[in-house]
Chemist: 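The following block contains the structure, expressed as C-alpha cells.
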Amino acid sequence: MIKPLRKAVLPVAGLGTRFLPATKAMPKEMLPVVDKPLIQYAVDEARAAGIEQFCMVTGRGKTALIDHFDIAFELEATLAERGKRDALELLREEAMPPGSISTVRQQVPLGLGHAIWCARAFIGDDPFAILLPDDLVLSQTPCTQQLADVYHETGGNVVAVSEVPPEQTHRYGILNIGEVQGNRVEVRGLVEKPAPADAPSNLSIIGRYILLPEVVTFLAQMERGAGNEVQLTDAMAKMIGHAPFHGLKFEGRRFDCGDKIGFLEAQIAFALARPDLNAAVREFLKHYP
Ligand code: UTP
C-alpha cells in the first residue's frame, strides 16, 4: 500500500554565507522575492500538494522563521482598526493551522544529510517531502505536486532534476540514469559534486525531494562525503535497488536563490509573472538595455 504524503521537512539551518552581510542577523530563508519570503513560497508550494505537517530544521539566529508563521495579534488589530482589509485578508489566508509547524534544532550545520537526520522523530515511518527554500520553482503545477504525482504512482523515491552545463556538475548531486519514460528517468546511481570528467550525466538534483523514511537509517551511519559534510545524496544512493527511484524533469523554471544571480533573476521572473506588476517591470527594464 502506498502511504499518503502528508509531511515535509524544511532544512533552514545553513549559514547563508553567500548572502553576507544580509544574512548576518536575518535568516537567508526570510529574504523576500518580490513581497514574500523564500520560506513562505516553500510552505505554500507544499500545502498546494496536500502536505499538512511541517518540520523546520533550524539553527542559531533563525527565530524570525518561526515568528513568521505565528499570528501577529497587534499587527492584525491595527490593520483592522485602520480598515486595511486587503492586508488583513492576506495575512489570514497565509495563516497555518495550529500545530502544523514544528521545529528541531541542528546545533552545528554538518550538512544537508545531517539536517534531515535531525528530523528523524518527525519523519517516523512516513514518506516525506523535502523542500530547500532557497530553490524556487516557477511553474504551472507546483513542483512538489508534480513529484507527488509520481510518488502516488510508484510508491518510491522521487527527486526533481534539471539539466546543468557539463562544466558545473561539481556544484550538484548528479544522476546516473537508466530507463527514460518521457520526463521521468530511472535513477541507477547518484554522485555528489562530481568533477565534470567523472559525472555520469548532466542531470542534477534540485531542492525538491520525496523520500521514503528508510533514508534515515542510512543517514544515521553519519558517513562524511563531499566537503566533509553528511550528504543526503550519499544516503539516497544507498536506497537504489530497494525501492523505485526516479528523477523527474519537472515542468517549470528553477532559480537558485542561494546565489546572487539566481536570486536577482528570480525577482524579475516572479515580478513579471504577477499581473499587477508585469507592465511596470517591463517599463523599467527598458532603462537597462
Ligand atoms: P546551502 O548549500 O545553500 O548552504 O544549503 P547555506 O549554508 O544555506 O548557504 P551558503 O552556501 O553558506 O551561502 C542548502 C540548504 O540546506 C540547508 C540550508 O539552510 C539550505 O536550505 N542546510 C545546509 C542545513 O539546514 N544544514 C546544513 O548543515 C547545511
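All values below come from the heavy atoms of this structure, side chains included, with hydrogens, waters and symmetry mates left out. Start at 1 and go down the list; that is how both ligands and their atoms are numbered.
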Chemist: Hey, does the side chain of K249 reach the backbone of L203 with a donor-acceptor pair shorter than 3.5 angstrom?
Modeler: no

Chemist: Before accepting this row, confirm whether a basic side-chain N of the pair R6/D126 lies closer than 4.0 Å to the acidic partner's carboxylate O.
Modeler: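 D126 and R6: not salt-bridged.
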
Chemist: Looking only at protein heavy atoms, identify the closest one to atom 13 (O) of ligand 1 and say how far it is in Å.
Modeler: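 Checked against all protein heavy atoms, atom 13 (O) of ligand 1 sits closest to R18 N, 2.8 Å.
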
Chemist: What atoms of ligand 1 come closer than 4.0 angstrom to any heavy atom of P109?
Modeler: 27 (C), 28 (O)

Chemist: When rounded to the nearest 0.5 angstrom, what is the spacing between OH in Y151 and CG in L212?
Modeler: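 Here the interatomic distance stands at 6.5 Å.
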
Chemist: Check each of G207, G111, G258 against atom 28 (O) of ligand 1 and report the one with the nearest heavy atom.
Modeler: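 Shortest heavy-atom distance from atom 28 (O) of ligand 1: G111.
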
Chemist: For T78, is there any backbone N or O sitting under 3.5 Å from a side-chain donor or acceptor partner on K84?
Modeler: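 No; zero donor-acceptor contacts below 3.5 Å.
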
Chemist: List ligand 1 atoms under 4.0 Å from A115, heavy atoms only on the residue side.
Modeler: 24 (C), 25 (O), 26 (N)

Chemist: Return the residue, atom name and 0.1 Å-rounded distance of the protein heavy atom closest to atom 4 (O) of ligand 1.
Modeler: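 Ranking protein heavy atoms by distance from atom 4 (O) of ligand 1, first comes K28 NZ, 4.2 Å.
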
Chemist: Consider ligand 1: state whether an atom of it lies below 4.0 angstrom from any non-hydrogen atom of H114.
Modeler: no

Chemist: Charged N to carboxylate O below 4.0 Å: is that the case for R254 and D135?
Modeler: yes

Chemist: Starting from atom 7 (O) of ligand 1, which protein heavy atom do you reach first, and at what distance in Å?
Modeler: L15 N, 2.7 Å

Chemist: Go through ligand 1 atom by atom and flag the ones less than 4.0 Å from a non-hydrogen atom of L110.
Modeler: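 It comes down to these atoms of ligand 1: 28 (O).
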
Chemist: Are F54 and F69, when compared by the centres of their aromatic rings, separated by less than 6.0 Å?
Modeler: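 F54 vs F69: aromatic centres not under 6.0 Å.
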
Chemist: What residue and heavy atom of the protein are closest to atom 16 (O) of ligand 1, and at what distance?
Modeler: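 Minimum-distance protein heavy atom for atom 16 (O) of ligand 1 reads L112 CD1, 3.8 Å.
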
Chemist: Looking at atom 19 (O) of ligand 1, what's its closest protein heavy atom, distance included?
Modeler: G14 N, 2.8 Å

Chemist: Quick one: nearest non-hydrogen protein atom to atom 25 (O) of ligand 1, plus distance?
Modeler: A13 N, 2.9 Å

Chemist: Can you name the atoms of ligand 1, numbered from 1 with element, that are less than 4.0 Å from a heavy atom of D134?
Modeler: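 The list of qualifying atoms is 3 (O), 14 (C), 20 (C), 21 (O).
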
Chemist: Number the atoms of ligand 1 from 1 as they appear, then name those within less than 4.0 Å of a heavy atom of E29, with their elements.
Modeler: 19 (O), 21 (O)

Chemist: Judged by atom type as modelled, is there a donor-acceptor pair below 3.5 Å linking the side chain of S100 to the main-chain atoms of E52?
Modeler: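 Between the backbone of E52 and the side chain of S100 there is no qualifying donor-acceptor contact (under 3.5 Å).
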
Chemist: E229 side chain to L110 main-chain N or O, any donor-acceptor pair under 3.5 Å?
Modeler: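 No: the side chain of E229 does not pair with the backbone of L110.
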
Chemist: Which protein heavy atom lies closest to atom 17 (C) of ligand 1, and at what distance to 0.1 Å?
Modeler: P11 O, 3.8 Å

Chemist: Does ligand 1 have any atom that is closer than 4.0 Å to a heavy atom of E229?
Modeler: no

Chemist: When clusters are formed by joining ILVMFWY residues with side-chain heavy atoms under 4.5 Å apart, either directly or through shared neighbours, do F19 and L264 land in the same one?
Modeler: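 Different hydrophobic clusters.
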
Chemist: Checking R208 side chain against L132 main chain: does a donor-acceptor pair fall under 3.5 Å?
Modeler: yes

Chemist: I would like to know whether F128 and F122 meet ring pair (Phe, Tyr, Trp, His ring centres under 6.0 Å); could you show each step before the answer?
Modeler: CA-CA 10 Å; F128 63 105; F122 169 82; 8.1 Å; no

Chemist: How far is atom 12 (O) of ligand 1 from its nearest protein heavy atom, and which residue and atom name does that atom have?
Modeler: T17 OG1, 2.5 Å

Chemist: Numbering the atoms of ligand 1 from 1, which are under 4.0 Å from a heavy atom of Q106?
Modeler: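 Answer for ligand 1: 24 (C), 25 (O), 26 (N), 27 (C), 28 (O).
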
